[in-house]
Amino acid sequence: MRKARILYNNTLSGVLMETDDGEYLFQYDQKYIEQYPTQFITFTMPVRQELYRDNRLFPFFEGLIPEGWLLDIASKYWKINRNDRMGLLLACCQNCIGAVSVHSINLNDDE
């Protein structure tokens, strides 16, 4: 399982997970839900208590991954398969343009 903290304007908004079965889960942080109930990270994922679940990386997060020649450079530099979308997201998206950033959570880290 791989996990990432999702920050919105440097505030923890939730956690994105890729399970060992290849399923993707996103859960808004409880404090974020209470403090920012209308401040969604994307229109397609409004703030809610329920877990978001999909067999593919959510389109919003997919859109953060570089494309074209920049993807080629990132894939080659970090030796990440272009089809490893979570790996690319974790490697490339800590300093995205815009309000959202992605930060890896090691399995022994506290959430």
Q: Identify which one of L16, T44, L25 satisfies the side-chain contact (heavy atoms from CB on, under 4.5 Å) criterion when paired with F58.
A: L16
Q | ILVMFWY network linking V100 to L7, side-chain heavy atoms under 4.5 angstrom | A | no
Q.
Treating D29 as the side-chain partner and K31 as the backbone partner, does any N or O pair qualify as donor plus acceptor under 3.5 Å?
A. yes
**Q.** Pairs flagged by side-chain hydrogen bond (donor to acceptor under 3.5 Å, both in side chains) wherever residues 88-100 is involved - sequence neighbours left out
**A.** none
Q: Take F61 and F26, measure what ring pair (Phe, Tyr, Trp, His ring centres under 6.0 Å) needs, and give me the verdict at the end.
A: CA-CA 10 Å; F61 294 111; F26 176 75; 5.8 Å; yes
**Q.** Y28 OH to Y36 OH distance, which is reported to the nearest 0.5 Å
**A.** 13.5 Å
Q: Among residues two or more places apart or on two chains, list those pairs meeting side-chain hydrogen bond (donor to acceptor under 3.5 Å, both in side chains) that have a residue in residues 51-70.
A: E23-R53, E62-R85
Q.
Apply side chain to side chain contact (heavy atoms under 4.5 Å, CB included) to residues Y32 and Q39 and explain how you reach the verdict.
A. CA-CA 9 Å; Y32 189 85; Q39 190 64 54; 3.3 Å; yes
(Q) I'd like to know if the side chain of Q49 reaches the main chain of Q27, judged simply by a donor and an acceptor atom lying under 3.5 Å from each other, with no hydrogens or angles considered. (A) no
Q.
Against R2, only a single residue in D84, I105, T19, L89 fulfils side-chain contact (heavy atoms from CB on, under 4.5 Å); can you say which?
A. D84
**Q.** Pairwise distance OG1(T11) to CZ(R5) - rounded to 0.5 angstrom
**A.** 13.5 Å
Q | Heavy-atom donor-acceptor pair, S104 side chain to A4 backbone, under 3.5 Å | A | no
Q) What's the spacing between F40 CZ and Y8 OH if we round to 0.5 Å? A) 7.5 Å
Q: Let me know which of V102, L88, I6 forms a side-chain contact (heavy atoms from CB on, under 4.5 Å) with C93.
A: V102
Q: Determine whether more than 12 heavy atoms belonging to other residues, nucleotides or ligands lie under 6.0 Å from atom CG of N81.
A: yes
